[in-house]
Amino acid sequence: MNLQVDLREENSVQHFKVVGEIDAFTAPVLREKLSELTVQQGVEAVIDLSDVEYMDSTGLGVFVGYFKQVKESGGHVKITGLSPRLKRLFDITGLDEVMDIEGHKEDKGGFNDATV
């Protein structure tokens, strides 16, 4: 399956929309798209994964690398639109404690998973 990564910039925030599956074959495409933009001091990035149906540990590695790069430059990354399955990946690896993660709006249910 192909992976599509679209970027739009709005009010100095980089909005990435990722569509497809993120695995060992497509992760290099994602890494390349994220790194095409040199990380500027204090950059704000929002990565929407609402149209990602599958992701493996290779995809997690791409996000960890990008997160570190942006954080080192004083910026912030927010990952949004996670399905319950993808959110669980971030939860069981502990990345939900380090990264700014937001699931689908309808999945919140009024409770913050981090406090349970």
Side-chain angles (χ1 to χ4, degrees):
M1 168 155 220
N2 289 333
L3 183 73
Q4 179 181 343
V5 182
D6 296 319
L7 169 68
R8 69 178 167 76
E9 192 160 338
E10 182 179 303
N11 298 327
S12 301
V13 177
Q14 296 173 353
H15 293 268
F16 293 93
K17 174 71 173 170
V18 183
V19 178
E21 296 182 355
I22 306 170
D23 57 22
F25 297 105
T26 60
V29 173
L30 177 60
R31 184 179 296 111
E32 180 181 319
K33 291 288 187 179
L34 291 174
S35 68
E36 277 179 1
L37 300 167
T38 50
V39 176
Q40 303 161 355
Q41 191 69 25
V43 69
E44 297 289 324
V46 176
I47 303 172
D48 180 359
L49 300 181
S50 59
D51 289 324
V52 173
E53 300 160 9
Y54 173 82
M55 181 169 61
D56 65 12
S57 60
T58 314
L60 287 174
V62 170
F63 290 118
V64 168
Y66 184 69
F67 172 80
K68 285 181 177 179
Q69 185 181 13
V70 170
K71 187 169 173 124
E72 287 172 1
S73 73
H76 181 79
V77 175
K78 181 173 190 167
I79 299 177
T80 66
L82 293 175
S83 68
R85 176 184 284 182
L86 292 183
K87 176 122 176 42
R88 182 152 168 74
L89 273 177
F90 283 89
D91 291 349
I92 63 177
T93 57
L95 292 173
D96 64 319
E97 300 293 325
V98 179
M99 296 179 168
D100 186 358
I101 307 282
E102 180 182 289
H104 284 294
K105 298 269 188 242
E106 63 270 13
D107 296 330
K108 285 191 172 185
F111 294 101
N112 182 348
D113 291 338
T115 60
V116 176

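Please read all numbers here as calculations on a predicted model, not as lab measurements.
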Q. Do Val5 and Leu7 belong together in a cluster built from hydrophobic side chains that touch within less than 4.5 Å?
A. yes
Q.
With a 4.5 Å cut-off on side-chain heavy atoms, are Thr58 and Asp23 touching?
A. no
**Q.** Results of side chain to side chain donor-acceptor pair (under 3.5 Å) for Thr93 - residues two or more places apart only
**A.** none
Q) Listed by chain and number, what are the side chain to side chain donor-acceptor pair (under 3.5 Å) partners of Lys17, not counting sequence neighbours? A) Asp48, Ser50, Asp51
**Q.** Shortest non-hydrogen contact from Gly59 toward Ala27
**A.** N-CB, 4.5 Å
Q. Does the side chain of Asn2 come under 3.5 Å of the side chain of Gln4 through a donor N or O and an acceptor N or O?
A. no
Q. Taking the side chain as C-beta and beyond, is there a heavy-atom pair between His15 and Glu10 under 4.5 Å?
A. yes
Q | Intermediate values then yes/no, side chain to side chain contact (heavy atoms under 4.5 Å, CB included), His76 and Asp100 | A | CA-CA 8 Å; His76 181 79; Asp100 186 358; 2.9 Å; yes
Q) Under 4.5 Å between side-chain heavy atoms, hopping through other hydrophobics if needed: is there a path connecting Ile101 to Val13? A) no
Q.
Within the 4.5 Å heavy-atom criterion, are Ile22 and Leu3 side-chain neighbours or not?
A. yes
Q: Nearest 0.5 Å please: distance from the CE atom of Met99 over to the CD1 atom of Ile47.
A: 8.0 Å
Q: Say whether, by atom type as modelled, one donor and one acceptor occur between the side chain of Thr26 and the main chain of Glu21 under 3.5 angstrom.
A: yes
(Q) Are Phe63 and Phe25 linked, directly or through intermediate hydrophobic residues, by side-chain heavy-atom contacts shorter than 4.5 Å (ILVMFWY only)? (A) no
**Q.** Point-to-point distance, once rounded to the nearest 0.5 Å, from CD of Glu44 to NZ of Lys78
**A.** 10.5 Å
(Q) Using side-chain heavy atoms (C-beta onward) and a distance below 4.5 Å, is Leu95 in contact with Phe67? (A) no
Q. Are any non-hydrogen side-chain atoms of Leu60 and Met55 less than 4.5 angstrom apart?
A. yes
Q.
If hydrophobic clusters are built from ILVMFWY residues whose side chains come within less than 4.5 Å, do Val43 and Val62 share one?
A. yes
Q | Cluster link Leu89 to Val19, ILVMFWY, side chain under 4.5 Å | A | no
Q | Between OG on residue Ser35 and CD on residue Gln69, distance to nearest 0.5 Å | A | 7.0 Å
Q. Looking at residues at least two apart in the chain, or sitting in another chain, which of them share a side chain to side chain donor-acceptor pair (under 3.5 Å) with Glu9?
A. none
Q.
Give me the atom names and distance for the closest heavy-atom approach of Phe16 to Lys33.
A. CE2-O, 4.2 Å
Q) Does any non-hydrogen side-chain atom of Tyr66 lie less than 4.5 Å from one of Leu30? A) no
Q: Find the distance between CZ (Phe90) and CZ (Arg85) and round it off to the nearest 0.5 Å.
A: 14.5 Å
(Q) Can you tell me which residue among Leu34, Val52, Ile79 is in a side chain to side chain contact (heavy atoms under 4.5 Å, CB included) with Val18? (A) Val52
